[in-house]
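All heavy atoms count here, side chains included; hydrogens, waters and symmetry mates do not. Proteins come first, then strands; the chains are lettered A, B, ... in the order of their sequence lines, and each starts at number 1.
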Amino acid sequence: MAGHSDSSSSEKKSGEAMTDVPTFSAENLQNNMKVIYYSRTFMSITGGVIAGIFGFTGFVGFIFYFLVMTITSIGLIAKAKFSVHSYFDSWNRIILDGLMGGLMSFVLFWTFAYDIVHIF
Amino acid sequence: MGLGFMIGVFGVLILSHAAYSTIQYRGLLKIMEEEFSGPPMNVVLELLLGFFFCIWAALTVPGNFLSIHPESEENRLDYLKLMLFFIHTSLAERRHTLEKDSVGY
């Protein structure tokens, strides 16, 4: 009787331990991060070209970049059907990841497009 | 993915045409000795259209999101295999423990 209750309590403990540790597929998470990276990079380039054509200079260009990234984040959240935790382990992945890397691509193509359209 | 790629290419072409139109517009402003304050409205609409086509391509071409939860429908087979492995290991450990106890008595 005591042994039976001991085994059931140890089963409950191991069950609790199993439910406490979140498990997810790392391979699928990596795939999802790759999708976000490609999307953000392409949109950074597109945003840079548009900023260059418009003739934005200085601070306005950076504001435009963050506007483009916000729209991209909204698009990615919609692609995840607004249930981010089914595809990512944190909201930061879909909102902040790839932001600074994309900024470099944006500045490159912004400068390039501005030079072609307005200077040369 | 094919349609998304074509929409992306079309978006890039529209942006290229907008850039060309802006260059022509700047040339005209130079002749008229006026300052550039912004592209004309038709170019702005072209840029918006190109932007939307590009964002569509950016969201569809790289691929779909995959669920990270092992118990979701698409991961069900992997989840069942993992559960089978855990059950098998747990039973093997219990058998080993029981055999050890019986030898001890």
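- A:F62 and A:W110 have perpendicular rings, their planes meeting at more than 60° on a 0 to 90° scale where under 30° would count as parallel.
- Residue pairs that meet the salt bridge (charged side-chain N to carboxylate O under 4.0 Å, His left out) test with at least one member in residues 72-98 of chain A, sequence neighbours left out, are A:D89-A:R93.
- Contact check for B:F51 versus A:V68: side-chain heavy atoms found under the 4.5 Å cut-off.
- In this structure, the portion of A:H85 lying under 4.5 Å from any heavy atom of chain B is its backbone and not its side chain.
- When heavy atoms are compared at a cutoff of 4.5 Å, A:N32 approaches chain B by way of both its backbone and its side chain.
- Using a 4.5 Å cut-off between non-hydrogen atoms, the part of residues 25-41 of chain B that approaches chain A consists of B:R26, B:F36, B:P39.
- Heavy atoms closer than 4.5 Å to chain B are found nowhere in A:I45, neither backbone nor side chain.
- Looking only at atom types and distance, the side chain of A:S73 has a donor-acceptor partner in the side chain of A:R40 under 3.5 Å away.
- A donor-acceptor distance shorter than 3.5 angstrom exists from the side chain of A:S39 to the backbone of B:A58, with no hydrogens or angles considered.
- Ranked by non-hydrogen atom pairs under 4.5 Å with chain B, the options A:G55, A:A80, A:A78 are led by A:A80.
- Proximity to chain B is absent for every atom of A:F56, based on heavy atoms less than 4.5 angstrom apart.
- Heavy-atom neighbours of B:Q24 CD from other residues, nucleotides or ligands within 6.0 Å: above the threshold of 12.
- Within the 4.5 Å cutoff, no side-chain heavy atoms of A:F120 are placed close to those of A:Y114.
- Of the possible polar contacts, one joining the A:H118 side chain to the A:G52 backbone as a donor-acceptor pair under 3.5 Å is found.
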